[in-house]
Amino acid sequence: MEATTTTILGELEEYLRQKALTITQFAKRSQLHSGTLSNILHGYRPIAMQQLDRITQAMGQEEGFFYDLYIDNYIIGGSSDGRRIGPLLLRCADLNKLDSMQRIARHILDNLMYAPLLFDIAEEMLTAGKMKAAAMIYEIVAEAERYQHSERLALCQFRLFTISLSDDQDRNLWAANRFEPFVERLDEVDQLHALKELANTYRSLQRWDKVDEFASTMGHKARIQYDLKYHSDLKSAESGKLPIRPLFFYIAYSDLLRGNVCDELGDYEGALGYKDAYADLSWVREQGDAVEHWKNLFHEWSKANIYITKLLSGDTTVLESYVAYIDKHRNELVIGLLYILRAANKNQLNIDRTLEFYQQEVEEILIELIKSRYSRNLAMDRQANLIYELAYYYLYKEEYTKGFDLLLKTIINFQHLNNERNVLECVTLFERFRNVANQEIQDQYQTQLLGGVCYEEKSSCTSNGF
């Protein structure tokens with residue numbers, strides 16, 4: 001039989017002939033009604049996806065064996081019926097048959113009326129955690145609608161942005177730049193979440209100008225929406241769509257991010273102003289468990305972040321209080337130690353007692369980072385920066401063995417993150433102390449920079465203490 005004329009029905013008929021099976025016998029084997037199977041074989045009704053899967057199993061073939069033929073017979077060679085397209089795409093996603101999905105989507109999107117159907121299917125895939133499949137459909141819908149300037153196009157780009165975030169910082173920068181032009185096309189509620197995600201991404205990239213830009217825009221838009229919703233003289237009709245988090249969150253989070261930017265730029269007075277702003281949320285009109293949850297978190301964050309600002313500004317009187325704070329809030333340990341080290345390195349503080357107290361925890365952080373167990377880019381970036389600051393601290397204390405050991409690990413970490421700017425910082429630090437590095441350390445350094453060592457396979461990447 002020629003490939004161009006092959007059909008599922010022809011394959012089934014040949015199977016029945018070879019096995020000498022009647023329709024009734026095969027119907028029982030495939031758990032289909034014999035009348036239904038007869039109608040399918042005689043072409044009186046198309047095959048539904050559930051029926052195809054039962055027929056495939058009864059013929060002893062692997063799942064999805066006939067999907068490409070099904071696409072040829074019933075999608076490309078038949079009518080593009082949404083009742084068949086949706087289930088078929090979802091089953092292809094289950095079986096990771098991405099090429100088959102692409103054939104279907106590109107074929108039916110010759111007619112843009114199918115764009116809403118495909119977008120909804122991609123949303124279902126995303127909810128089910130099938131990221132690659134969802135991204136493929138979003139990409140195809142976005143390509144088909146690139147001249148439409150629609151909200152759906154913007155949502156596709158937003159989904160592609162969030163799906164693509166990873167530990168690769170160059171890739172994250174590319175994704176953020178690609179998505180930026182579409183933010184304003186989203187509806188007002190989705191814009192808030194999108195601006196938050198962009199600001200967080202740029203924070204992990206240490207692009208403080210961009211963090212401030214998007215945090216400021218998010219806060220401005222959220223305040224307008226808050227005024228419209230809660231001030232009686234400005235109240236407008238309810239849109240019906242609610243943000244992912246309580247509306248006040250985006251105002252307070254804007255202040256938190258902008259305070260973070262001030263810390264990084266050395267504007268400690270400005271930082272304290274923003275932190276005082278989200279410490280006082282007495283103006284919040286919303287109610288409910290979620291509201292109380294976030295209000296309590298912002299209250300805790302303000303306390304911790306005020307300690308950080310004072311430490312960075314050189315106020316060592318708060319060090320003991322901050323150590324006591326992170327000891328009670330172990331989820332803040334990484335960021336806490338990072339800022340304690342930054343403050344120590346900036347102000348030449350001796351924090352040996354603090355590091356000795358948290359020696360086991362730091363060793364565990366180092367081991368986890370080396371094994372790449374933290375997939376969220378911001379968390380992994382913070383840990384890599386923590387190890388860099390630790391290397392900096394020991395090198396300037398002339399504890400060169402510890403310092404160089406940690407610095408070489410840090411280079412590996414930032415290479416894994418594809419963070420070239422931070423790799424350059426490591427190079428600058430190494431060159432500052434090259435004259436005290438023995439030949440073995442210098443050889444390891446050169447090998448690492450030349451890319452001769454695999455991140456996962458570097459046998460020397462085990463913790464030797466800190």
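Just the heavy atoms: all of them, side chains too, but no hydrogens, waters or symmetry mates, feed the values below. Since the structure is predicted, the reported quantities are computational estimates derived from the model, not experimental observations.
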Ignoring hydrogens and angles, tell me if any N or O in the side chain of Glu145 forms a donor-acceptor pair with the backbone of Leu112 under 3.5 Å. no
In Å and rounded to the nearest 0.5 Å, what is the CD to CD distance from Gln439 to Gln444? 11.0 Å
Can you list every pair that meets salt bridge (Lys or Arg N to Asp or Glu O under 4.0 Å) and has a residue in residues 104-120, with sequence neighbours left out? Arg106-Glu143
Looking only at the side chains, is there a donor atom on one of Asp315 and Ser313 sitting less than 3.5 Å from an acceptor on the other? no
So, are Lys221 and Glu184 salt-bridged, with charged N and O less than 4.0 Å apart? yes
If the plane angle is over 60° it's perpendicular, under 30° parallel, otherwise tilted; pick one for Tyr230 and Tyr226. tilted
Parallel, tilted or perpendicular, as decided by the 30° and 60° cut-offs, for the rings of Phe248 and Trp283: perpendicular
Arg223 and Asp255 ion-paired at < 4.0 Å: yes
Yes or no on side-chain hydrogen bond (donor to acceptor under 3.5 Å, both in side chains) for Asp263 and Tyr339, after CA distance, side-chain angles and deciding distance? CA-CA 10 Å; Asp263 279 336; Tyr339 278 109; 5.6 Å; no
Parallel, tilted or perpendicular: ring planes of Trp294 versus Phe298, cut at 30 and 60 degrees: tilted
Taking only Lys NZ, Arg NE, NH1 and NH2, and the carboxylate oxygens of Asp or Glu, determine whether Arg434 and Glu431 approach each other closer than 4.0 Å. yes
Is Lys97 salt-bridged to Glu62, cutoff N-O under 4.0 Å? no
Please determine which of Leu386, Leu312, Asn347 meets the side-chain contact (heavy atoms from CB on, under 4.5 Å) test together with Arg342. Leu312
Under 6.0 Å from the NZ atom of Lys346, do we count more than 12 heavy atoms belonging to anything else shown? yes
Show me the pairs that pass ring pair (Phe, Tyr, Trp, His ring centres under 6.0 Å) and involve residues 419-439, at least two apart or across chains. Tyr396-Phe433, Phe404-Phe430, Phe430-Tyr445
Going through the checks in order, is the side-chain hydrogen bond (donor to acceptor under 3.5 Å, both in side chains) test met by Tyr202 and Asp212? CA-CA 9 Å; Tyr202 282 120; Asp212 196 57; over 6 Å; no
Verdict with supporting geometry, Glu197 and Asn200, side-chain hydrogen bond (donor to acceptor under 3.5 Å, both in side chains): CA-CA 5 Å; Glu197 290 297 306; Asn200 280 340; 4.6 Å; no
Check whether any side-chain heavy atom of Glu440 lies under 4.5 Å from a side-chain heavy atom of Asp443, and answer yes or no. no
Test your reading of the model: is there a side-chain donor-acceptor pair from Ser254 to the backbone of Ala215, 3.5 Å cut-off? yes
Pair Asp99 + Arg103: basic N to acidic O under 4.0 Å: no
Mind running side-chain hydrogen bond (donor to acceptor under 3.5 Å, both in side chains) on Gln360 and Glu364 for me, showing each step along the way? CA-CA 6 Å; Gln360 181 178 346; Glu364 289 172 358; 3.2 Å; yes
Is it the case that atom NZ in Lys310 sees more than 12 heavy atoms from other parts of the structure closer than 6.0 Å? no
Around atom CD of Glu151, are there more than 12 heavy atoms of other residues, nucleotides or ligands at under 6.0 Å? yes
Any Phe182 side-chain heavy atom under 4.5 Å of Leu155 side chain: no
Candidate list Phe249, Tyr250, Phe158, test ring-ring contact (aromatic ring centres under 6.0 Å, His included), partner His193, passing option: Phe158
Asp53 versus Tyr67, side-chain donor and acceptor atoms under 3.5 Å: yes
Lys409 backbone acceptor or donor facing Asn413 side chain under 3.5 Å: yes
In this structure, are over 12 heavy atoms from other groups packed under 6.0 Å from His293 atom NE2? yes
Measuring only between side-chain heavy atoms, which start at C-beta, is Val261 closer than 4.5 Å to Tyr274? no
Just so I know, are the side chains of Ile85 and Leu88 near enough to count as touching, which here means a heavy-atom distance under 4.5 Å? no
Does atom CD of Glu320 have more than 12 heavy-atom neighbours, drawn from other residues, nucleotides or ligands, at distances under 6.0 Å? no
Around atom CZ of Arg146, are there more than 12 heavy atoms from other residues, nucleotides or ligands closer than 6.0 Å? yes
Salt bridge check, Asp94 against Arg91: does any charged N sit closer than 4.0 Å to a carboxylate O? yes
Side-chain donor/acceptor of Gln448 to backbone N/O of Ile411, under 3.5 Å: no
With a 4.5 Å limit on heavy-atom distance, are the side chains of Glu300 and Tyr325 in contact? yes
